[in-house]
Amino acid sequence: MAQKDEAVHDQLADSLNDLFTSVSTMIKSQLQGTNNELEVLEQMNERVGEEYKEMGGVASGLRVFVEQLKSKGGNFDQYVQQIDAIEQQVTEFEAVVSMLDKHVSLLESKVLSVYQSPPPHPPHPTS
């Protein structure tokens, strides 16, 4: 019976050893998978960090460009003011031309009416 107990004990020990080996292998696999995921995440973070650095450089360049445009735009202010003044003068000139046009039309109609009216009859001599 001792042999039977020893055989059962060996079989139980082998089964437990297989169980622990399988659990150990499973845990190692899960840890390796987690490790692989963390490595991928680290690489992604590094790549995103590089892209943010590039974007920072682009943003800095854009800021300089905008400042240059602002300084150049300030130089155009005097020209814009001159154009506005010219536009105002043209508007006033158009109003004067319109008034003169109406006046000329009125004079033209008066001259035409004088030429179109019949000549006055000479007085009849009385005898």
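All values reported here derive from a predicted model rather than from experimental measurement.
- At most 12 non-hydrogen atoms from other residues, nucleotides or ligands lie less than 6.0 angstrom from CD of Glu87.
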Inset, instruction - Report the C-alpha separation of Met44 and Val40 in whole Å, then their side-chain angles, then the decisive distance to 0.1 Å, and conclude whether the side chain to side chain contact (heavy atoms under 4.5 Å, CB included) test is met. - result: CA-CA 6 Å; Met44 289 172 61; Val40 168; 3.9 Å; yes
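- The structure places CG of Leu12 at 11.0 Å from CG of Asn17, a figure rounded to the nearest 0.5 Å.
- Taking CZ of Phe93 as the start and CD1 of Ile86 as the end, the distance is 14.0 Å to the nearest 0.5 Å.
- Glu51 has a carboxylate O that lies under 4.0 Å from a charged side-chain N of Arg47, or vice versa, which qualifies the two as a salt bridge.
- Heavy atoms from other residues, nucleotides or ligands lying under 6.0 Å from CE of Met26 number more than 12.
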Inset, instruction - Apply the test side chain to side chain contact (heavy atoms under 4.5 Å, CB included) to residues Lys110 and Leu106: give CA-CA distance (whole Å), side-chain angles for both, the deciding distance (0.1 Å), then the verdict. - result: CA-CA 6 Å; Lys110 285 183 181 181; Leu106 181 64; 4.2 Å; yes
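- Taken together through direct or relayed side-chain contacts under 4.5 Å among Ile, Leu, Val, Met, Phe, Trp and Tyr, Leu100 and Leu107 form parts of separate hydrophobic clusters.
- In this structure, the separation between CD on Gln89 and CD on Glu94 is 12.5 Å, given to the nearest 0.5 Å.
- Asp84 is not listed as a side-chain neighbour of Gln88, based on a closest heavy-atom distance of 4.5 Å or more.
- Follow the hydrophobic side-chain contacts under 4.5 Å out from Val23 and you reach Leu31 in the same cluster.
- In this structure, the separation between OG1 on Thr34 and CG on Leu38 is 6.5 Å, given to the nearest 0.5 Å.
- A donor and an acceptor atom, one from each side chain of Gln32 and Asn36, are located under 3.5 Å apart.
- Listed for the Thr25 side chain is a donor-acceptor partner under 3.5 Å among the backbone atoms of Thr21.
- Side-chain contact of Gln82 with Gln78: a donor-acceptor pair under 3.5 Å is absent, judged by distance alone.
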